Protein chains: 2
Amino acid sequence: MKEGPDIAQIGALIGDPARANILTALMGGKALTATELAAAGGVTVQTASTHLAKLEAGNLLVQRKQGRHRYFTLADDSVGKFLESIMGFAAGRGHLRHKPGPKEPALRKARICYDHLAGDYGVRMLDSLIARGAIDAFGDGLAVTESGESELKRIGIDVPALKSSRRPLCRSCLDWSERRAHLAGSLGKALLSNFLDKGWARRTAQSRSVVFSPEGERQFLALFPTSR
Amino acid sequence: MKEGPDIAQIGALIGDPARANILTALMGGKALTATELAAAGGVTVQTASTHLAKLEAGNLLVQRKQGRHRYFTLADDSVGKFLESIMGFAAGRGHLRHKPGPKEPALRKARICYDHLAGDYGVRMLDSLIARGAIDAFGDGLAVTESGESELKRIGIDVPALKSSRRPLCRSCLDWSERRAHLAGSLGKALLSNFLDKGWARRTAQSRSVVFSPEGERQFLALFPTSR
DNA sequence: ACGATGCTTCGGTTAGGATCGAAGTATGAA
DNA sequence: TTCATACTTCGATCCTAACCGAAGCATCGT
């Protein structure tokens with residue numbers, strides 16, 4: 001009858017629309033204040049405050065006080081991974097929004113998934129890396145090949161340094177819009193940072209979408225050609 | 001503001017205790033009737049009926065009419081995979097039941113995770129297969145080696161036949177009680193079926209736990225020794 | 001045809017929780 | 001010190017949805 005962990009608690013936390021919107025907003029990876037999250041959730045600050053307290057009690061969020069602001073972030077990347085998996089599941093089952101907003105196309109093209117690149121461009125990047133043999137796809141898992149390591153070095157990614165971190169180097173992450181895998185893990189994070197540092201793309205203030213500059217887009221597409 | 005798929009709908013479905021218990025019961029992999037699920041959820045049949053209708057509308061369940069019975073199962077193995085991931089997350093965050101029931105130890109030792117073996121024994125089996133080189137662990141992914149293929153053949157598993165199915169041969173599945181990976185995928189399913197067919201173990205009627213016979217346990221432990 | 005079983009639908013009750021206005025606390029700026 | 005901003009807590013309202021009793025279908029056995 002009552003077996004295993006209590007999934008109802010977590011489900012209930014995600015089940016409220018305001019909280020779901022708050023969590024979705026935090027998937028952008030940026031720390032946001034309570035007021036910003038209230039706007040994201042479509043509720044007043046009082047209401048948002050209680051929601052944030054509940055999410056924090058449920059260990060989904062952590063807060064960092066800074067002056068009179070309180071910045072909230074997802075508790076760790078396992079939460080982000082977890083939420084993205086729900087989104088993938090939801091998208092695959094037709095649990096889509098009634099009204100796809102104007103920002104939808106931009107989101108499908110390129111967006112941030114916790115700390116790495118997702119959307120069409122994210123999928124394209126991983127496909128391209130696999131096609132050229134820089135990354136080996138082994139069942140569910142991914143691994144950088146030797147040739148891939150030197151290739152990434154040319155782009156400006158120090159793979160051995162990334163390996164030393166406790167976090168997995170490569171992980172595949174199911175993309176809710178494309179329904180295919182994109183690259184997560186410390187390498188995925190490093191690649192996105194790389195693009196942002198080079199000025200190829202920038203994060204938008206309000207949304208999770210990533211906007212490429214014309215030149216950046218050209219470079220990106222040249223670097224990661226489609227095999228077909 | 002409103003970006004991406006609607007995770008709130010799914011969260012709400014899982015968020016009700018009765019529904020969560022129903023889903024947990026169905027993780028056993030067996031098709032269950034509405035009446036049985038009512039008992040699992042701790043509610044009357046009327047209430048369970050409305051819950052089941054909602055879960056079906058949310059594409060989490062499918063029903064199969066058979067005479068005057070209606071058998072419910074999880075919609076497909078992606079639902080099982082998804083739910084197990086929530087359980088893993090919940091277990092890791094201390095969202096455990098207040099009262100660990102008397103069946104808990106049995107569940108931790110060996111239980112069914114949708115269609116394959118989980119718990120201590122499930123983890124032990126995968127560890128042992130990896131340690132002897134029958135399965136290669138490659139980042140997140142798993143793959144059967146050539147020597148593993150012939151070894152499994154001796155046990156009675158036809159790996160090439162399993163490969164022909166669309167379903168992945170090996171997948172790692174995070175175990176909520178052990179917090180480590182066990183073997184899922186068509187191979188995981190085949191191994192469990194194999195043990196059941198041989199009479200080494202049997203599924204229990206009410207619970208997800210798997211009970212080994214004394215002789216079956218001896219055989220299993222001999223076949224999958226711990227490396228330490 | 002008849003009753004028994006399995007399940008669903010209807011109606012009405014109840015409880016939990018989401019919500020916001022208003023007041024209270026903390027931090028920073030002037 | 002005084003005011004403004006950021007956030008939380010309190011109190012009260014309101015609404016959804018979970019729940020069960022009772023009645024209604026559907027299917028099986030005899």
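These numbers come from a predicted model, not from an experiment.
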Side chains of A/K198 and A/E215 in contact at under 4.5 Å (non-hydrogen atoms): no

Rounded to whole angstroms, how far apart are NZ on B/K65 and P on D/dC25? 15 Å

Centroid-centroid distance, A/F212 to A/Y121, less than 6.0 Å: yes

Can you check side-chain hydrogen bond (donor to acceptor under 3.5 Å, both in side chains) on A/E36 and A/T33, steps first, answer last? CA-CA 5 Å; A/E36 291 170 321; A/T33 67; 3.3 Å; yes

Going from CE on A/M87 to SG on A/C113, what distance comes out if it is rounded to the nearest 0.5 angstrom? 8.5 Å

Separation of D/dT5 atom P from A/E36 atom CD, nearest Å, is 16 Å

To the nearest 0.5 Å, tell me how far A/K189 NZ sits from A/N194 CG. 14.0 Å

Protein-proximity profile, nucleotides 10-21 of chain C, B/S/- by nucleotide at the 4.0 Å heavy-atom cutoff, equals --------SSBB

Carboxylate-amine/guanidinium contact A/E56 A/R19, below 4.0 Å: no

Measure OH/B/Y71 against C1'/D/dT27 and give the value in whole Å, please. 14 Å

Separation of B/H69 atom NE2 from D/dC28 atom C1', in whole Å? 9 Å

Measure the distance from CG on B/L52 to C1' on D/dA17 and round it to the nearest whole Å. 16 Å

Rounded interatomic separation in angstrom, taking CZ from B/R68 and P from D/dT27: 11 Å

Euclidean distance, atom CG of residue B/L13 to atom P of D/dT16 [Å, nearest integer]: 18 Å

Provide, to the nearest angstrom, the distance between the CZ atom belonging to A/R70 and the C1' atom belonging to D/dT9. 12 Å

